[in-house]
Enquirer: 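Here you go, one structure.
All values reported here derive from a predicted model rather than from experimental measurement.
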Amino acid sequence: MSKRDYYDVLGIKKGAAADEIKKAYRTKAKELHPDRNADNPKAEDQFKEANEAYEVLKDADKKAAYDRYGHAAFEGGMGGGGGRPSGFGGGQGDFASAFSDVFDDLFGDMMGGGRGGGGRQRASRGADLRYNLRVTLEDAYAGIQKTIQVPTSVQCGSCTGSGAEGGAEPTTCPTCSGMGKVRATQGFFTVERTCPTCSGLGQTIKNPCKECSGAGRVHKERALSVNIPKGVETGTRIRLAGEGEAGLRGGPPGDLYIFIEVAQHELFERDGVHLHCRVPVSMIVAALGGNIEVPTIDGGRSRVAIPNGSQSGRQMRLRAKGMPALRGAGQGDMFIELAVETPVNLTSRQKDLLREFEDLSEDNNPESKSFFKSVKGFWDSMKG
């Protein structure tokens with residue numbers, strides 16, 4: 001079967017520039033790669049055909065010969081010597097070389113970067129840190145400025161982060177030539193792994209700094225001032241950019257994430273922006289009505305009118321006495337729940353008065369009267 005024109009295989013015009021050829025091959029390789037076309041039996045042959053075309057057209061000498069003689073330039077009897085022009089070939093090694101040229105363009109993101117640009121940078125970003133901060137409900141209501149002590153890694157002052165003694169610059173790793181990775185071709189595939197000499201940094205240090213042992217950073221506890229905004233709640237996350245761990249060998253620092261935990265309050269229970277408070281009231285106030293004062297989260301007190309005949313569990317709302325909203329304007333409400341207290345440690349006189357009050361209050365307790373009437377009817381029916 002006759003071979004297709006190499007330019008047609010890559011979908012470009014004859015005389016295309018090197019950048020255009022490489023771009024076209026990259027597109028074809030992505031489109032036809034066998035791993036992405038498991039259900040297409042022709043994909044592998046088409047992929048090899050594209051590789052063969054790129055192997056010829058990427059080389060200026062081979063491309064010139066192909067433009068002049070076509071496929072005959074690489075067949076026997078051509079070139080005056082009865083064989084292929086010097087340096088031409090189409091074996092497995094050439095295919096692997098062609099594939100390797102665009103390996104990083106195809107899979108660079110997955111493998112962690114590619115060729116060119118001096119290889120992998122020696123400096124790496126520092127790790128992000130987490131700090132758990134516990135605050136009171138009052139702090140969450142009003143907002144507060146807090147100073148925290150964070151154990152972290154900071155830039156070494158002796159080598160200014162370079163990791164080399166006296167601040168000298170590291171040298172390019174001789175094993176990976178600054179790539180940070182070494183590559184081995186195994187037949188059809190090219191395999192990459194982290195350079196064992198420089199551990200992927202791309203550079204080595206002949207004389208490591210004695211203070212930081214070549215890391216470019218040392219462990220230290222730092223004092224940081226943190227602004228806690230109004231309305232924070234448990235789980236709120238505050239990000240301090242650049243306040244995390246120092247980067248390795250002069251790399252940029254990571255970030256510090258502060259996770260807020262709001263402590264439980266002895267009086268108030270929080271529900272989003274609303275507060276709940278259980279307030280005890282005397283039996284007399286609950287029966288006759290009256291005014292009581294309740295504490296509020298801002299440290300003040302609010303007067304509340306209790307209607308006569310109030311029962312335990314009754315809820316009353318104090319508007320805008322809750323927590324401020326963390327994002328946006330507005331403020332929640334405070335809900336108070338009445339807990340009617342039963343008097344204890346009564347004197348004989350108080351007991352007599354209560355008994356007298358009970359005798360006079362039969363018609364004032366309709367629920368109690370109805371309940372005991374139902375009980376009496378139940379027992380009468382059982383006897384019958």
Side-chain angles (χ1 to χ4, degrees), residues 18-19 21-23 25-26 29 33 35 51 54-55 58-62 86-128 152-219 244-254:
D19 290 343
I21 293 172
K22 184 174 183 178
K23 181 179 179 181
Y25 171 66
R26 187 167 62 234
H33 194 280
D35 290 345
N51 275 293
Y54 179 65
E55 170 62 24
K58 75 168 185 174
D59 184 280
D61 292 334
K62 294 181 184 180
S86 174
F88 292 1
Q92 190 179 60
D94 292 328
F95 166 76
S97 174
F99 180 76
S100 179
D101 281 346
V102 293
F103 183 87
D104 292 309
D105 291 325
L106 294 175
F107 307 107
D109 291 340
M110 180 178 69
M111 298 299 292
R115 298 184 182 187
R120 186 171 177 175
Q121 295 181 351
R122 65 178 178 87
S124 59
R125 182 181 182 273
D128 293 334
T152 183
S153 294
V154 299
Q155 188 181 79
C156 175
S158 178
C159 65
T160 62
S162 69
E165 186 68 28
E169 285 295 323
T171 58
T172 301
C173 176
T175 303
C176 63
S177 300
M179 291 288 294
K181 295 176 287 188
V182 291
R183 183 176 291 174
T185 301
Q186 299 177 354
F188 186 82
F189 295 99
T190 298
V191 180
E192 284 189 338
R193 58 188 177 88
T194 301
C195 175
T197 303
C198 65
S199 301
L201 294 174
Q203 294 184 331
T204 58
I205 298 175
K206 291 183 178 179
N207 298 313
C209 172
K210 296 178 181 178
E211 186 173 342
C212 64
S213 301
R217 57 189 183 185
V218 294
H219 293 286
E245 195 174 64
L248 188 63
R249 295 185 184 175

Enquirer: Looking only at non-hydrogen atoms, find the nearest pair between G244 and T152 and report the distance.
Expert: O-OG1, 3.7 Å
Enquirer: Quick one: closest heavy-atom pair of V182 and T194, and the distance?
Expert: CG2-O, 4.4 Å
Enquirer: Under the rule for side-chain hydrogen bond (donor to acceptor under 3.5 Å, both in side chains), what residues qualify as partners of S213, not counting sequence neighbours?
Expert: none
Enquirer: So, for C159 and C212, which heavy atoms are closest and what is the spacing to 0.1 Å?
Expert: SG-SG, 3.7 Å
Enquirer: Nearest heavy-atom pair of C173 and C195: which atoms, and what distance?
Expert: SG-SG, 3.7 Å
Enquirer: Would you mind reporting whether C156 and R217 have side-chain heavy atoms less than 4.5 Å apart?
Expert: no
Enquirer: For S158 and E211, work out which heavy atoms get closest and say how close.
Expert: CB-OE1, 3.1 Å
Enquirer: Evaluate the side-chain proximity of K210 to E165: yes if any heavy-atom separation is below 4.5 Å, no if none is.
Expert: yes
Enquirer: Quick check: closest heavy atoms across T197 and T204, and the distance to 0.1 Å?
Expert: CG2-CG2, 4.1 Å
